[in-house]
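Throughout, protein chains are lettered first and strands after them, A, B, ... in sequence-line order, and every chain is numbered starting at 1.
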Amino acid sequence: MDIQCSHDVFENVMELAKRRGFIWPASECYGAVAGFIDYGPLGAMMKRRVENIWRDFYIIQEGYYEIECPTIAQEAVFIASGHVKGFSDKMCQCPHCKEYLRADHVAEGGNVCNASIMKNEELSAAISSCRCLACGEILGNVEVFNFNLMFSTTIGPGSQRIGYLRPETAQGMFVDFSRLLRFYRDKLPFGAVQIGKSYRNEISPRQGMIRLREFTQAEAEIFVHPDEKNHHPSFRRYGDYRMPLLTYIQQQKCEEPVEMSMREAVDKGIIANEYVAYYVALTHELLVTIGINPERLRFRQHLPDERAHYATDCWDAEIFSPRFGWVETVGIADRTDYDLHAHARQSGIPMTVFIQFDKPKKTVRRRIIPNMSVLGKQYRTKAKAIFAALGDTTPTTEGVDIEIGDEKIHVPASLFEVRDEVIDIRGEEIVPHVIEPSYGIDRMCYAVLEQAYDEDIADGEKRTVMRLSPNVAPVQVAVFPLMARDGLDIIADDITHTFHKKGLLAEYDDNGAIGRRYRRQDEIGTPFAITVDYDTKETNTVTLRDRDTMKQVRVPIDGLTETLRALVEGRITFTSLMP
RNA sequence: GCAUCGAUGGUCUAGUGGUAUGACUUAGGCCUUCCAAGCCUAUAGCCCGGGUUCAAUUCCCGGUCGAUGCACCA
């Protein structure tokens, strides 16, 4: 990319975003801190619209209810999730050139084995003879330390209780599993979604709103029966949906993406299962709905060594930016049963679903029934422990040896009876698998802004226009009196008020020349503008202007709100109103 | 976090060891019957801290933010 070019799209769009109130550096009056941004009045509105479109897809269409969990959770949650251990990097600083280095990378370079399992002190000793990857000096006495990307805090006054700001919203949905399962009446599949802030203490965030330390995620956790991953109940909806897919095999061969239907992708084993394919297609549709150009959108499969250890398949929706290249914006992963297992182990609460068999299965089970009246008298206080331990043993005709604490006890066969019973097994406890589509809302917003930015020539002059999709544009319609007098302003004000009553965000403006007012709205992406002129008083009509074409059409004031709603929601097009 | 470069009204910019230029924008007014017209007026700025100096926006040091390279990106 040509960095000499002083004004690329990124600079233009961020300048506009700052100036017009989409995005601001956070706490600017004290000097901004990298990795934090404010959404200004227009940005916050637009973000809300993007989130609500996301809700339309996941909550209304898919039926996965939204929950809201705290952004802070106690340490145990992140011990279970692996973040306390695994979300940090072992780092060291070269004493010669002051460079920060990944200690395991240094070890690799110096042929040190098993670096990943070493303690910091061991690793420190092991790499002391290695050379710095930056300056090439022998490191010598160097300290290895963990840099964990989670923000930590303490909970309560004077407390040693550690809390962390969540690095993803997902864990909240996992830890609520039992409640969710009950809410969905103990049946798979079901899902929960969450839109909220997550936090990662990035070492050096440097890409505007692409890499933030505090960012908004929209995540869905869909719990499915492991054997049913190839039977998404609504798969027919996206089975014929076609899009280009960049598989890991193509990446290894440096080949171009291949377009195919989701049905085909699943049948050929390119996408792991119907569930993943379904959300790949849904994500494509969602991103196009908020205004992403499909030609700048691709779905890339993670390479096997790129995938998180728990995922069997993972696809990223990547959006092309002239500045940042392909930016991963959505990840769709099959997380298997990793998370539920981990939380069940850590919390001691089983996280399983009881699946009833169609017919109960008959099975023979061996039961060991102790004769407690004898056993109790003989073993006294140990009797209860022996009773419990007997169930897990396989006795011989001699009896059985069991261990209670450090003590070995021989229980003769006369003290219990072994009975083989035929019993009905009515079902089984299974740990569901989790399909996780995870969206970076801020990156979506950036992509929407970047792709909407355009400059064209109108009447020989440069016009800056944000070609935002009407469904995400902060202001939906502008209303102008041609002149702020002769009662035109009153009519325009009434129309504005009518829009407001129907939930349309309309902005009234009577300041300056009409052309200037149009340009102002073009720049913030307002898709439509109504102008009240002198004919309005005669014919009860107004002009309706389309932002992108700057064409106008006269429409009656009667039914104006419905017309605007239909336009904003995409039910009709501006062209269809043209005579 | 290191190295290099940068930071002047809301935006883009000129310039300077003695508080700053112009344009656009914004606001008020005149004018104006549909695309940034014109005229008058107003608001508004030298990134932050320290040093040198009679005096620092300017020179020096440190910081913050941004760009680039290195590193990092579960």
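In terms of polar N and O atoms assigned as donor or acceptor, the side chain of A/R545 comes within less than 3.5 Å of the base of B/C35 in a complementary pairing. Between the base of B/A36 and the side chain of A/R516 there is no donor-acceptor pair shorter than 3.5 Å. For A/D533 against B/C34, a side-chain-to-base donor-acceptor contact under 3.5 Å is present.
Rounded to an integer number of Å, the gap from CE of A/M209 to P of B/C65 is 18 Å. Distance, A/I491 CD1 to B/U33 P: 17 Å, rounded to whole Å.
The A/D459 side chain lies nearest to B/C35 when the options are B/C35, B/U26, B/U33. Closest to the side chain of A/R485, out of B/A37, B/A36, B/U32, is B/U32. Listed nucleotides: B/C34, B/G28, B/C65. Nearest to the side chain of A/Y518: B/C34.
Contact annotation: A/R520 side-chain N/O to B/U26 OP1/OP2 distance is under 4.0 Å.
Ring geometry, A/F174 versus A/H343: the interplanar angle falls from 30° to 60°, so the pair is classed tilted.
Salt-bridge check for A/D546 with A/K551: failed, with every basic side-chain N at 4.0 Å or more from each acidic carboxylate O.
In this structure, A/W315 and A/V280 approach most closely via the heavy-atom pair CB-CG2, 4.0 Å.
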